[in-house]
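We count ligands from 1, going down the list as the structure has it; atoms in each ligand are counted the same way. If you're wondering where the values come from, they're calculated on a predicted model, not measured in any experiment.
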Amino acid sequence: MSDCLFCKIIAGDIPSVSVYEDEQIFVFKDINPVAEVHILAVPKKHIKSLDEQTKEDADLLGYMMGKLPELAQSQGLADGFRTIINTGPGGGQEVDHLHIHIMGGSKLPGFT
Ligand code: 5GP
Ligand code: ZN
């Protein structure tokens with residue numbers, strides 16, 4: 001997906017502040033944080049959104065879910081965190097590469 005912002009970030013073509021990376025996922029700081037801690041976990045495989053997942057993605061998506069507590073704790077969120085996945089225009093998704101928002105600390109916003 002040569003035209004995808006997050007694919008370019010994963011490839012290192014656009015700079016980001018990375019906090020974790022392995023064979024399957026890339027995790028980096030949101031450029032416009034809405035909480036003290038606000039990071040984005042993305043699969044290295046380009047999946048447009050939850051609406052576009054296939055059965056072959058089940059292990060990858062399960063892996064990402066399993067990683068969330070470790071990622072949150074690595075950012076100092078010892079007593080809990082919030083995750084959000086926006087899907088499609090109706091869900092407020094702005095970047096068309098599936099991503100999980102991980103947020104916590106002070107200034108944690110509500111849903112307004
Ligand atoms: P969405 O609304 O699609 O769920 O969230 C997209 C997120 O990506 C937003 O929170 C936005 O701040 C973040 N974002 C957009 N462009 C960039 C960028 O170039 N670098 C980083 N690190 N985050 C970005
Ligand atoms: Zn992509």
Side-chain angles (χ1 to χ4, degrees):
M1 283 291 158
S2 58
D3 210 25
C4 171
L5 173 65
F6 286 174
C7 280
K8 289 177 182 169
I9 286 177
I10 292 164
D13 295 337
I14 291 176
S16 68
V17 180
S18 172
V19 299
Y20 178 82
E21 179 178 9
D22 64 23
E23 307 79 34
Q24 299 189 80
I25 66 173
F26 191 79
V27 187
F28 56 102
K29 294 191 178 185
D30 195 293
I31 202 167
N32 185 24
V34 298
E36 183 182 9
V37 173
H38 185 174
I39 58 176
L40 302 171
V42 305
K44 287 189 171 176
K45 175 184 177 184
H46 180 89
I47 302 170
K48 184 177 175 187
S49 75
L50 283 182
D51 270 341
E52 305 281 325
Q53 67 181 297
T54 67
K55 284 180 181 168
E56 288 69 41
D57 298 323
D59 285 351
L60 172 57
L61 296 179
Y63 175 75
M64 292 186 74
M65 286 294 162
K67 272 281 177 190
L68 295 175
E70 173 190 324
L71 293 168
Q73 284 158 21
S74 78
Q75 299 305 301
L77 303 178
D79 62 350
F81 58 94
R82 176 173 297 158
T83 46
I84 294 177
I85 305 174
N86 295 321
T87 302
Q93 184 175 5
E94 294 178 351
V95 179
D96 286 337
H97 182 128
L98 175 62
H99 49 282
I100 303 176
H101 296 257
I102 304 162
M103 293 174 283
S106 64
K107 299 185 286 178
L108 188 65
F111 282 101
T112 56

Original post:
What atom name does the N, O or S atom of His97 nearest to the Zn ion (ligand 2) carry?
Top reply: ND1

Subject >> Atom of His46 nearest the Zn ion (ligand 2) (restricted to N/O/S, atom name only) >> reply: ND1

Original post:
What about His101 and His99, are their ring centers closer than 6.0 Å?
Top reply: yes

Subject >> Student check: side-chain heavy atoms of Phe6 and Phe28 closer than 4.5 Å >> reply: yes

Original post:
Would you say the side chain of Leu108 lies within less than 4.5 Å of the side chain of Met103, judging by non-hydrogen atoms?
Top reply: yes

Subject >> Shared-cluster residues of Ile31, by chain and number - hydrophobic side chains joined below 4.5 Å >> reply: none

**OP:** Show which residues join Val27 in its hydrophobic cluster (side-chain heavy-atom contacts under 4.5 Å, direct or indirect), or state none.
**Re:** Val19, Tyr20, Ile25, Val37, Ile39, Ile47, Leu50, Leu60, Leu61, Tyr63, Met64, Met65, Leu68, Leu71, Leu77, Phe81, Ile85, Leu98, Ile100, Ile102

Original post:
What angle sits at the Zn ion (ligand 2) between SG of Cys4 and SG of Cys7, to 10°?
Top reply: 120°

Original post:
Among pairs that include at least one residue of residues 9-30, which meet salt bridge (Lys or Arg N to Asp or Glu O under 4.0 Å), considering only residues two or more places apart or in two chains?
Top reply: Glu21-Lys44

Original post:
What residues sit with at least one heavy atom under 4.0 Å from ligand 1?
Top reply: Leu5, Phe6, Ile9, Phe28, Lys29, Asp30, Ile31, Asn32, Leu40, Asn86, Gly92, Gln93, Glu94, Val95, His99, His101

Subject >> Atom NZ of Lys48: over 12 foreign heavy atoms under 6.0 Å >> reply: no

